[in-house]
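Below is one structure, written out as structure tokens; comments come after it.
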4 protein chains.
Amino acid sequence: MAHKVSKLFNETLNEMNISAKQKAVLQASLQLFSEKGFENTSTNEIASLANVAVGTVYQQFKSKDQLLQVVIESLIDEVIPKVANEFVAGVKVTQETEFGEFLQNIIQDRMQFAVDNLPQIRVLVRETMVNKKVQQQLQARIVKLPFDRLKDFFADYQQKGQIVEWDFMRIVRYIVGIVGSYIVPIIFSPGQHEADVGQMSHEATEVLIKELKP
Amino acid sequence: MAHKVSKLFNETLNEMNISAKQKAVLQASLQLFSEKGFENTSTNEIASLANVAVGTVYQQFKSKDQLLQVVIESLIDEVIPKVANEFVAGVKVTQETEFGEFLQNIIQDRMQFAVDNLPQIRVLVRETMVNKKVQQQLQARIVKLPFDRLKDFFADYQQKGQIVEWDFMRIVRYIVGIVGSYIVPIIFSPGQHEADVGQMSHEATEVLIKELKP
Amino acid sequence: MAHKVSKLFNETLNEMNISAKQKAVLQASLQLFSEKGFENTSTNEIASLANVAVGTVYQQFKSKDQLLQVVIESLIDEVIPKVANEFVAGVKVTQETEFGEFLQNIIQDRMQFAVDNLPQIRVLVRETMVNKKVQQQLQARIVKLPFDRLKDFFADYQQKGQIVEWDFMRIVRYIVGIVGSYIVPIIFSPGQHEADVGQMSHEATEVLIKELKP
Amino acid sequence: MAHKVSKLFNETLNEMNISAKQKAVLQASLQLFSEKGFENTSTNEIASLANVAVGTVYQQFKSKDQLLQVVIESLIDEVIPKVANEFVAGVKVTQETEFGEFLQNIIQDRMQFAVDNLPQIRVLVRETMVNKKVQQQLQARIVKLPFDRLKDFFADYQQKGQIVEWDFMRIVRYIVGIVGSYIVPIIFSPGQHEADVGQMSHEATEVLIKELKP
DNA sequence: GATGAATGAGAGTTCATTCAT
DNA sequence: AATGAATGAACTCTCATTCAT
């Protein structure tokens with residue numbers, strides 16, 4: 001179930017009807033913005049990583065800011081919904097699935113996803129901190145994500161009396177909080193952790209099951 | 001128990017044996033780095049906010065990078081330990097204090113602290129994402145923070161059988177995770193939330209008590 | 001007698017044996033050079049006003065400079081001689097025509113011509129100021145203009161004792177000077193004057209008759 | 001009576017309270033704008049002619065456009081009024097002065113002035129053709145020039161019956177027209193004419209006296 | 001002939017840093 | 001110690017020109 005954002009990003013670029021060079025520009029931008037941050041990346045660097053002349057960058061994109069916008073918007077408006085859809089659709093659950101197993105699956109999957117896509121997550125996090133427009137776009141997108149199927153599962157477990165009768169958003173908040181307590185340190189310290197997703201997801205599931213008991 | 005980082009930052013500057021002008025420079029730097037980010041702040045802006053000539057900035061500080069270093073180091077090596085000390089020292093607990101009350105106090109206090117010091121937290125978070133040196137410094141400092149007294153309290157509650165026998169770091173991780181699930185959205189969306197610390201800390205305590213039950 | 005330069009320019013283009021697209025390029029160039037000046041006009045703008053791809057511009061013309069050359073040369077070497085010929089040929093004069101009537105006709109005609117063709121005159125004036133080659137071309141052309149018929153008329157009036165025995169060029173200089181004193185302000189302030197050609201030519205004729213009396 | 005605009009321009013710069021380097025920048029700008037036109041002059045060229053670093057140009061002036069503005073405004077709002085004042089004040093005329101002598105003096109003086117200051121006149125002419133703001137500023141300034149003393153002289157000659165009873169502005173128009181018929185060709189062809197101011201002013205005076213007879 | 005994406009030299013501009021005062 | 005004009009490397013961006021399609 002875990003995806004490579006870079007692959008989905010490339011698919012998005014393919015749908016954008018731009019030339020191979022322009023795609024290379026956007027890929028180089030994503031990579032460099034992720035590695036060094038937007039302000040510390042020069043258009044010259046982007047061009048040379050993309051094997052392209054500086055002017056080519058500006059053929060399609062009006063400014064460096066617009067380049068960021070396009071990269072971020074692709075992530076927010078194209079990649080994130082795809083990721084969310086595939087994630088939600090990929091959740092395997094039957095009438096017999098215990099909540100613990102269900103939760104373990106979700107958590108392991110999302111942790112693996114985070115660990116697999118640290119650079120792209122970092123760009124989004126960083127730009128969200130600096131750029132108001134990005135904040136609003138991301139927020140607007142998150143609100144619209146199709147979590148209905150997931151919501152239904154949780155409602156089912158609530159009806160069966162397996163988990164507490166809290167609001168769906170509150171439950172999500174705590175799952176994200178506990179998962180984040182493992183993932184955020186990794187996001188912030190690149191290359192320092194050997195992330196053991198199995199161990200982390202096991203622990204996180206344990207505590208969350210306890211937390212969400214009726 | 002909650003503190004104003006800016007006040008502690010000023011105290012730190014007073015101890016640094018620098019002139020009033022240089023203090024103003026550091027204060028202006030912290031403010032502007034927090035508002036616009038390091039890269040988007042020019043030395044001219046810093047100088048003019050500090051009511052000082054550009055040259056004066058370079059009298060004391062070798063470079064703009066050093067200026068950031070000094071600001072960040074002051075926060076990490078002076079302010080954070082003070083904050084931690086005062087926090088830990090300020091925790092009121094007796095033999096009769098129930099764990100719930102103890103936890104509620106801690107959480108409310110730290111949430112209030114976070115809400116009161118958003119700009120400074122933002123600088124640290126942002127620079128930690130871009131700047132490897134800052135990452136290492138912050139990490140090295142956190143490890144050395146004097147949490148022994150706190151640790152003892154938790155050990156006590158564990159001995160009394162009031163909380164689960166998890167590792168202290170694991171317990172802290174979950175507390176930070178749950179508290180973070182309320183605070184992080186506020187850090188990322190400046191000016192959008194009316195933070196109701198009372199309500200938030202109440203909810204967070206409720207879930208954490210459940211989570212930490214034996 | 002007054003002509004539209006744009007019409008003559010088009011005729012010139014028709015004689016040039018170039019494609020419709022290339023004609024559109026030259027027309028767009030003339031228009032944009034006149035509106036914004038050569039340096040402030042980009043080849044992209046020319047192409048898009050001409051509804052043509054940039055490459056098409058360079059199919060026919062070696063460089064942007066050559067484009068200017070062609071436009072200017074068409075004006076100087078084709079349009080101006082035509083204008084001059086038609087003007088000179090169109091002067092109606094018989095043995096009975098008084099000098100005043102003759103002069104009034106000439107002046108009114110040329111003033112109307114100037115007012116009708118301000119944009120093209122502006123291009124020529126502007127480029128003449130910046131571009132040495134244009135200066136030389138224009139000068140060389142003016143010297144060769146076929147003013148013989150006009151010269152004869154003036155010689156006739158001189159023989160009849162109706163006008164002063166000045167050199168033809170000196171007479172022309174003063175006519176141009178007086179007419180210019182009305183027209184130049186209009187050239188320099190686009191859109192500010194309601195040019196009353198009747199009134200202006202009347203005044204100019206009055207003073208010139210006086211001036212050219214024997 | 002004839003002045004060097006460059007000297008008056010320098011005086012204006014001295015009154016502007018700017019450093020020697022900044023003065024050099026403005027002088028270099030005037031020179032280059034005059035020689036090659038604004039668009040064909042690069043900030044690098046200005047800096048190197050002024051013996052200054054590129055950055056220095058931008059220390060005082062926000063943009064290349066502002067540099068032009070400052071140069072033009074100095075000419076229009078400082079130099080031109082000074083020139084006009086000195087010219088009008090310098091006109092020597094007594095009750096005995098014949099109109100012809102009076103006119104000859106004026107014309108020779110202004111022709112000499114024009115010939116002596118061709119570069120600066122060229123900048124103004126050229127920018128007036130391209131730049132609407134300059135047009136308005138120049139026009140607004142010309143209207144306010146203090147020609148009262150001159151007007152009185154002409155009124156005197158009119159009362160004495162020595163010249164025709166035309167409106168002052170109409171008389172000025174024709175003087176400018178005739179003088180212009182000698183000067184404009186020189187403005188437009190730099191370095192081609194050996195301007196014989198004596199001969200030119202003599203001819204111009206001759207025709208103007210005739211023209212302005214009652 | 002026509003196209004327009006690609007090119008890269010060079011433009012205007014910024015800004016961390018220096019240094020004479 | 002403080003000043004701020006001066007510096008120039010490096011940035012973003014433009015645009016005349018080319019060339020594979």
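Both backbone and side-chain heavy atoms feed into the values below; hydrogens, waters and symmetry mates do not.
- If you measure from atom NZ of C:K62 to atom P of F:dT18, you get 10 Å, rounded to the nearest angstrom.
- Between atom CD of residue B:Q120 and atom CD1 of residue B:I80 there is a gap of 11.0 Å, rounded to the nearest 0.5 Å.
- For the OP1/OP2 pair of F:dA1 and a distance below 4.0 Å, the side-chain nitrogens and oxygens of B:T56 include no atom meeting the criterion.
- Of the residues near DNA chain E, C:Q22 and B:E39, the one whose nearest nucleotide (by heavy atom distance) lies more toward the 5' end is C:Q22.
- Under the 3.5 Å distance criterion, the side-chain polar atoms of B:K64 are matched with a main-chain donor or acceptor of B:T41.
- OP1 or OP2 of E:dT17 lies within a sub-4.0 Å distance of a side-chain N or O belonging to B:Y58.
- Across all strands shown, E:dT21 forms a Watson-Crick or G-U wobble pair with F:dA2, both key distances being under 3.5 Å.
- The side chain of A:K21 contributes no N or O atom lying less than 4.0 Å from OP1 or OP2 of E:dA5.
- Judged by closest nucleotide on DNA chain E, C:N51 is the one of C:N51 and D:S42 placed further toward the 5' end.
- A salt bridge is defined here as a Lys NZ or Arg NE, NH1 or NH2 lying under 4.0 Å from an Asp or Glu carboxylate O, and C:E39 with D:R126 fails to meet this definition.
- Put simply, B:S19 has no side-chain N or O that comes within less than 4.0 Å of OP1 or OP2 on F:dA1.
- Mapping A:F38 and D:A53 onto DNA chain F by nearest heavy atom places D:A53 at the nucleotide closer to the 5' end.
- The nearest whole Å value for the distance from the CD atom in A:Q66 to the P atom in F:dT14 is 11 Å.
- The CG-C1' distance, from A:N44 to E:dT7, rounds to 13 Å in whole Å.
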Derivation and outcome, side-chain contact (heavy atoms from CB on, under 4.5 Å), residues D:I18 and D:L26: CA-CA 10 Å; D:I18 54 175; D:L26 289 170; 3.6 Å; yes
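- Residue D:T43 places at least one side-chain N or O closer than 4.0 Å to OP1 or OP2 of E:dG12.
- Computed from coordinates, the A:F61 CZ to F:dT12 C1' distance equals 16 Å when rounded to whole Å.
- One can place CD1 of C:I46 at 12 Å from C1' of F:dC15, the figure rounded to the nearest angstrom.
- Ranked by how close their nearest DNA chain F nucleotide is to the 5' end, B:Q59 and A:V54 are led by B:Q59.
- Using Watson-Crick or G-U wobble geometry with both donor-acceptor distances under 3.5 Å, F:dC13 finds its partner in E:dG10.
- Distance CG (D:N17) to P (F:dG4): 14 Å, rounded to an integer number of Å.
- Looking at heavy-atom distances under 4.0 Å, D:V57 makes no contact with the nucleic acid at all.
- Using modelled atom types, one side-chain atom of A:Q22 and one backbone atom of A:T56 make a donor-acceptor pair closer than 3.5 Å.
- Contact annotation for A:T41: backbone-only contact, meaning every heavy-atom pair under 4.0 Å involves sugar-phosphate atoms and none involves a base.
- What separates CG of A:N40 from P of E:dT14 is a distance of 19 Å, to the nearest Å.
- We find that CG of D:D65 is positioned 13 Å from C1' of E:dT13, with the value rounded to whole Å.
- Under the 3.5 Å distance criterion, with hydrogens and angles disregarded, a donor-acceptor pair is assigned to the side chains of D:K23 and D:N14.
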